[in-house]
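Input: a single structure, listed below in structure tokens.
All values below come from the heavy atoms of this structure, side chains included, with hydrogens, waters and symmetry mates left out. Just so we're clear, the structure is a prediction, and the values are computed from it rather than from any experiment.
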Amino acid sequence: MHTLAFDGRMGASGDMLLGALVAAGADPAVLDPVEAALDVRYRVGSTTKAGIDATTVDVILDDAEADDPDRERRSEHGSERGHDHDHSHDHDHSHTHAEGAGPARTYPEVVALVEGMDLPTAVERDALAVFRRLGEAEATVHGTDLDTTHFHEVGADDAIADVVGACLLVADLAAERVVTTPVAVGGGTVGMSHGTYPVPAPAVMEVVTDADWSIRGGPVDRELLTPTGAAILAELADGVERLPDLAVDAVGYGAGDADVPDRPNVLRALVGDVAGDLRRESITVLETNLDDATPEVLGGLQETLAEAGARDVSILPATMKKSRPGHLVKVVVDPADAERVARRLAEETGTLGVREGSAGHRWVADRTFETATLDVDGDAYEVAVKVATDTDGTVYDVSAEYDDAFAVARATDLPVRAVLRRAEAVIRER
């Protein structure tokens, strides 16, 4: 599986993500829709952080050249990765960093701006999801609702360029999976538009509550994880405890602004292939406890909930209040189907409440069905066999369908287990 992995030991910010992605091989030309929508440009450069050559990507205003029809991105260094942009420094006097530039925007205004950029569908979806995370975090922190929430730092032109730019660059790398190791948040305090707060900042804490990855304090007393960096990683990356086993194709380092003693202030990105992985699938787990359901109702849930969209239904014995025997019903569903399946579960059982469990995803095999043809006394019989493979197509399990095997067993007077074994052997020997 083609994988993009971030090493989060020095945190992450929007510009660090941009630099790491460009350094790992993403083409800066994909950033054109952002430059067309905002009065900003991306300037790709290089710097050294504690002996590490790292890439910088600055979002700049260039009022003196706003009407320049060419509007190329200037790079401060020759490129080994295809950044064949103008390398001149003749216009440095008119370059102004875009930090904080642009009008104060509400969440709906940011959404409208992104939707007007003519982005690829998947990129627009990811960018809007990142801003929704940021908007919900701001709303929670300030006690407002999402539609009236005013973005502060993260609604400025440079933050929008960071978010949309990162989504464009990740898409350009065509990774099937994005992961990050635990992300360092730093320590101490940080100044924001409302005052000085302890690190991690309140908005960062709200964002990471819904992230799949974990955070770690330190290793220095300064802000290492910004709200923008946190939201991008929360939306795009799965959490891993350590870097996966990769056949590495490219490595890139995105530079942070500050120089940190004794360690490089960089975000490292690796691109490569992971062998034999399972496919990650988003799920919601619904649960309810029942103490008055009849066996007939419980037995019918497998069918009725599947009709409503359930992927899996489990019914476990449980001890209820006053030691009454009961059952715990657990239902695995696609998040988009959760409300409909919960309603059907309530209607079928009469339960007064359905809760949503903590599971956010599951790892599943790719499954296909093949037909095994068995010869029994000169007659041919067919049995469907389920084949489970990893993402590389390696088969690790075959399982014959019981109903088909049972029908063949009745027709041939063979034991069902014998039919199952023979059908599975046919597929394994192919």
For Asp245, side chain to side chain donor-acceptor pair (under 3.5 Å) partners two or more places apart: none

Pairwise side-chain contact, Val34 with Tyr42, heavy-atom cut-off 4.5 Å (strictly under): yes

Note, Trp213 side chain near Val240 side chain (heavy atom, < 4.5 Å): no

Any side-chain heavy-atom pair of Lys49 and Tyr253 under 4.5 Å: no

Check residues 114-125 and write down every donor-acceptor pair under 3.5 Å in which the side-chain atom is one partner and the other belongs to a residue at least two apart or another chain.
none

Side chain to side chain donor-acceptor pair (under 3.5 Å) partners for Thr349, two or more places apart: none

Asp126: partners by salt bridge (Lys or Arg N to Asp or Glu O under 4.0 Å), with sequence neighbours left out: none

Which atom pairs, donor and acceptor, lie under 3.5 Å between side-chain atoms of residues 168-186 and protein residues at least two apart or in another chain?
{"from": "Asp172", "atom 1": "OD2", "to": "Asp27", "atom 2": "N", "distance (Å)": "2.8"}
{"from": "Glu176", "atom 1": "OE2", "to": "His2", "atom 2": "N", "distance (Å)": "2.8"}
{"from": "Arg177", "atom 1": "NE", "to": "Asp238", "atom 2": "OD2", "distance (Å)": "3.1"}
{"from": "Arg177", "atom 1": "NH1", "to": "Asp277", "atom 2": "OD2", "distance (Å)": "3.4"}
{"from": "Thr181", "atom 1": "OG1", "to": "Gly8", "atom 2": "N", "distance (Å)": "2.9"}

Residues Arg216 and Glu241 bridged, charged N to O under 4.0 Å: yes

Residue pair Ile160 / Arg105, side-chain heavy-atom distance below 4.5 Å: yes

Residue pairs, two or more places apart or on separate chains, that pass salt bridge (charged side-chain N to carboxylate O under 4.0 Å, His left out) and touch residues 362-372: Arg279-Asp366, Glu281-Arg362, Glu370-Arg430

Those residues that, when tested against Asp312, pass side chain to side chain donor-acceptor pair (under 3.5 Å) (two or more places apart): none

Less than 3.5 Å apart, which donor and acceptor atoms pair up between the side chains of residues 321-334 and the rest of the protein, not counting sequence neighbours?
{"from": "Arg324", "atom 1": "NE", "to": "Asp291", "atom 2": "OD2", "distance (Å)": "3.4"}
{"from": "Arg324", "atom 1": "NH2", "to": "Asp291", "atom 2": "OD2", "distance (Å)": "3.0"}
{"from": "Lys330", "atom 1": "NZ", "to": "Glu287", "atom 2": "OE2", "distance (Å)": "2.5"}
{"from": "Asp334", "atom 1": "OD1", "to": "Ala336", "atom 2": "N", "distance (Å)": "2.8"}
{"from": "Asp334", "atom 1": "OD2", "to": "Arg311", "atom 2": "NH2", "distance (Å)": "2.9"}

Side-chain heavy-atom pair Thr148, Thr106 within 4.5 angstrom cut-off: no

Contacts of Ala112 that satisfy side-chain contact (heavy atoms from CB on, under 4.5 Å) - sequence neighbours left out: none

Close side-chain approach of Val354 and Arg344, heavy atoms under 4.5 Å: no

Partner residues of Thr144 under the side chain to side chain donor-acceptor pair (under 3.5 Å) criterion, sequence neighbours left out: Thr149

Set of residues satisfying salt bridge (Lys or Arg N to Asp or Glu O under 4.0 Å) with respect to Glu136, sequence neighbours excluded: Arg132

Partner set under salt bridge (Lys or Arg N to Asp or Glu O under 4.0 Å) for Arg340, not counting sequence neighbours: Asp337

